[in-house]
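A, B, ... follow the sequence lines: proteins, then strands. Residue 1 opens every chain. Since this is a predicted model, take the numbers as computed values, not measurements.
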Amino acid sequence: MRAEFYDFKSVEAKWRKIWEENKAFQTPSPASGKKYYCLVMFPYPSGKIHMGHARNYCIGDVLARYKTMKGFKVLHPLGWDAFGLPAENAAIQNKISPRDWTEKNILDMREDIKSLGISYDWDREIATCRPDYYKWNQWFFIKMFEKGLAYRKKSSVNWCASCQTVLANEQVHDGKCWRCGSVVAQKELEQWFYKITDYAERLLDGLKLLEGKWPDEVIAMQRNWIGKSEGAQVHFKTESGQDIVVFTTRPDTLFGATFLVLSPEHPLAKELLTADHKAAGEKYIAAARAKSREERLAVEKGKTGVFTGSYALNPVNGAKVPVWIADYVLSDYGTGAIMAVPAHDQRDFEFALKFKIEIIPVIAPENPAQFVPHDRAFEETGVMVNSGEFNHMSSDEAKAQITKKLEKTGQAKSQVTYRLRDWLLSRQRFWGTPIPMVYCAKCGLQPVKESDLPVLLPIDAPLTGKGESPLAQMPEFVNTKCPKCSGPAKRETDTMDTFVDSSWYFLRYLDPKNEKAAFDPAAANSWMPVDQYIGGIEHACMHLIYSRFFHKVIKDLGMASCEEPFDNLLTQGMVTLGGAAMSKSKGNAVPVEDMVERLGADTARIFVLFASPPKNQLEWSEDGVQGSFRFLNRIWRMSRTLANAPAGAAEPKASQALQKKAHQTIKKVDEDIQRGFQFNTAISALMELLNSLSDYPAQGDAVSKEAFRALVLLLFPFAPHISSEIWDEMGFAPKPLSSAEFPAYDEKLVQETVVEIVIQVAGKLRAKVTLPAGDAKDEKKVIAAAQKALSERGIAVESKYKFVPGRLVNFIVTQVEANKS
RNA sequence: GCCCUCGUGGCGGAAUGGCAGACGCGCUGGACUUAGGAUCCAGUAGGGAAACCUGUAGAGGUUCAAAUCCUCUCGAGGGCACCA
């Protein structure tokens, strides 16, 4: 005999078709009622989707469907982050155009996602590689150019030899390319930047608004990345009159500054070399420049450096201090020069030790008994010593006082420094948004006129992957007219970082077909901010910083009103198989297509939602998937049983208990979804209700059908196909299920009528008594019952106790042996 | 070194400061049977014959009561890092 399973294939196909025909997921107008914008990070169309991606969409879908049932006007869109290097690489390999490759993948993946029954409003689908989208990337670029937020600069930049393009700082992880993992080199190039550093403070401030709504982890990562330091700029004059400006967070240690260090790239580094030190100094500078960033930053190699022969004067006491050059000082942080305080900074200490420079302690510990090590720097705060008029002051106080004193003579000023660097956005690749700028010999750098946008990406370009912008090889693209003088001019041939595309796509969903503007600000005002954003944590310091920046610029352009674009963030864990993140390239991906074919979309959905809370990593388990399939089959069989059973009646006790369980389940599922996306426990509550129904003696009576109705209704956001089918077959109302509201529960029915009171003695469980709910709150009755129960077990207790109404009683004092004999 | 998150059965994981281990997986035994990757029933933290005892990484503390709060230690994962 073959086992009977429910026919998920035809059920799922049937309901997908019905939803599609009825446009069941069309976005309602947000004007009337509470809105809910549910957003998942949109995918890169790389091929087929696997369960790792799918988990993301399932989580979002539960929320979207739940909020719809709760009466919210829900926006739940999806699109394609469709520009990027993989398309170009695939094109080179397979002799297919990046556009065709990408569009084909979109087609396949859209089908995969639809097969999961995710409630997306496909009318709002966008793809960033299409001109109607990237036109607005260009428009924003010009706006930012006009505001001075897009600029060109020659500097040392990250270069990935494998991807043959430059990278932004955020895209270098551990010295390696975020995409391909190759070691990143430094190159001196002129490139386009977005001035994200202008927004450093606002990006930091905004994080305060997100506390408690974004994971602490992500907030901490962004804070670290922005890296704010408060301190002072201090001016040191050299003997020959040059001004060396240093940045320090410890102005209180100024009296202990016994030398200065310039980075090898510092503009004064060569100038300050005296005749005696010229040769050695220039050799050192050249050697430092030749080193890779990795080599330079390697701490293990120890400190190296060279004396310039010059001296500067410490502004606080006129002491003559030597000026050194060393590569442990970074050229692109602070001022590229430091005052070195070997007594109170470990790096300076090591340097001073090696080059035999004077070490003067200027901070003593607050508590004189505290041990001060002599083999390393004392980096804590304390009491000022060897610091003239500031002696005996606390170092914290001196920080402010010394800065204040020097400020009067213009020798210092308070200064805030950030670690964040400007966003390098140009790329030497083809499959991206052309940067809408023109170089005219006469008029210089000119933005393309808005009326001439978009600057179209040509259909085909000679793709070699050899590291020159492919667009530069196309004279028909390059040669153009100057927007200002109409003379011959040349176009910019670099394209934009694809992170530009994803920095504002959530706004385009609001008004995806607008040809006059990126979006209507009115739409932004009614839908923004995104109420719930869902995606992977790997974007904490890339996409999630860029898009926050972009949104603030957009707000400043008057096109949006909220400060932060994403009100709540959920970072879902990875799906792993054999401990490694699922991926096509690792060969451990479970394709959605296979799952849907083999066990159905609902089973796949239930498994990823039940096996683990969304934040956790989720290890794929075939056994677990089978368990989810089993659960759905049990529900299916229950629907048959209930439909076919003769209507009878159970004894009131049993039916009341079942009714209670149903109401408790409604409450629990409702709370679990709202309270931190506890989909796993919500589903386990549904399993419990099903278990209760299985044990119920009068299956088929009104109470059991009502309980089952609630079960199907609650199951709908998680497994929409099977619940829709059962709903129909059982003749439940209203129809269709997708129009039903989330069930309400009766608080009276949720409350237990009898309560088990826990009886503790000195905090340990000793007995339990079951009492009617009313009695369980009555102190006298509970104590009497408790003492009786204890004495039956041979335990006598003194009268001191702690009573928690309806819950427990804890006898506090000594347990006395009763007359056991 | 700094910052963040987290340590609970064989596994995934449950527990408004109030019965630790819900629910599921796996496993063990049984039932049914045209042997099946179906379904149903019972059991499943450790120790003990049992009453009981011990258990949430470890050590302290707060509390009538701690997996949960506080301090320290150890361990895991992640981010930043010669950032002055």
| said: Please convert RNA chain B into dot-bracket. A pair counts if it is Watson-Crick or G-U wobble with both distances under 3.5 Å; crossing pairs go in [ ] and bases paired with another strand get |. | reply: (((((((..(((.....[....)))((((((.(..)..))))))(((....)))..(((((..]....))))))))))))....

Roughly, in whole Å, what's the span from [atom1] in [X] to [atom2] in [N]?
| X | N | atom1 | atom2 | result |
| --- | --- | --- | --- | --- |
| A:Lys228 | B:rA81 | NZ | P | 19 Å |
| A:Arg605 | B:rG24 | CZ | C1' | 19 Å |
| A:His539 | B:rG78 | NE2 | P | 18 Å |

| request: State plainly whether the residues A:Arg223 and A:Glu217 are in salt-bridge range, i.e. N to O under 4.0 Å. | output: no

| Could a donor-acceptor pair under 3.5 angstrom be found where the side chain of A:Lys303 meets the base of B:rC82? | yes

| task | Between protein and nucleotides 11-23 of chain B, map the contacts as a letter string: B base, S sugar-phosphate only, - none, heavy atoms under 4.0 Å, written 5' to 3'. | result | -BSSSB-BB--BB

| Are A:Lys303 and A:Tyr328 in a cation-pi contact, defined as NZ or CZ under 6.0 Å from the six-membered ring centre and within 45° of the axis? | yes

| remark: Distance col, row A:Thr403:OG1 vs A:Gln233:CD, nearest 0.5 angstrom, shows 11.5 Å

| remark: Per side chain to side chain contact (heavy atoms under 4.5 Å, CB included), A:Thr248 is matched among A:Met339, A:Lys399, A:Gln415 by A:Met339

| query | Does OP1 or OP2 of B:rC40 have a side-chain N or O of A:Arg637 closer than 4.0 Å? | reply | yes

| Hey, does the side chain of A:Arg419 come within less than 4.0 Å of B:rC80's phosphate (OP1/OP2), counting only N and O? | no

Show each protein N/O and nucleotides 26-30 of chain B N/O combination with a separation under 3.5 Å, one pair to a line.
residue : atom : partner  : partner atom : Å
B:rG26  : OP2  : A:Arg630 : NH2          : 3.2

| field | C1' spacing across the pair B:rC69 / B:rU16, given as an integer number of angstrom | value | 14 Å

| note | Residues in residues 218-226 of chain A with a heavy atom under 4.0 Å of RNA chain B, by number, are A:Ala220, A:Met221, A:Asn224, A:Trp225

| query | Within the structure shown, what part of the strands sits under 4.0 Å from A:Arg376 by heavy-atom distance: base, sugar-phosphate, or nothing? | reply | nothing

| note | Residues passing the side-chain contact (heavy atoms from CB on, under 4.5 Å) test with A:Ala288, sequence neighbours excluded, are A:Pro264, A:Arg296, A:Asp327

| field | Side-chain touch A:Asn169/A:Trp225, heavy atoms, less than 4.5 angstrom | value | yes

| query | With no hydrogens and no angle check, is any side-chain donor or acceptor of A:Asn314 less than 3.5 Å from a backbone partner on A:Phe236? | reply | no

| query | Strictly by modelled atom types, are A:Tyr745 and A:Gln664 linked by a side-chain donor-acceptor pair under 3.5 Å? | reply | no

| Which pairs pass salt bridge (Lys or Arg N to Asp or Glu O under 4.0 Å) with one or both residues in residues 604-623 of chain A, sequence neighbours excluded? | A:Asp61-A:Arg605, A:Arg598-A:Glu622

| field | Closest-nucleotide ordering on RNA chain B, the 5'-leading residue of A:Ile537 and A:Gly227 | value | A:Ile537

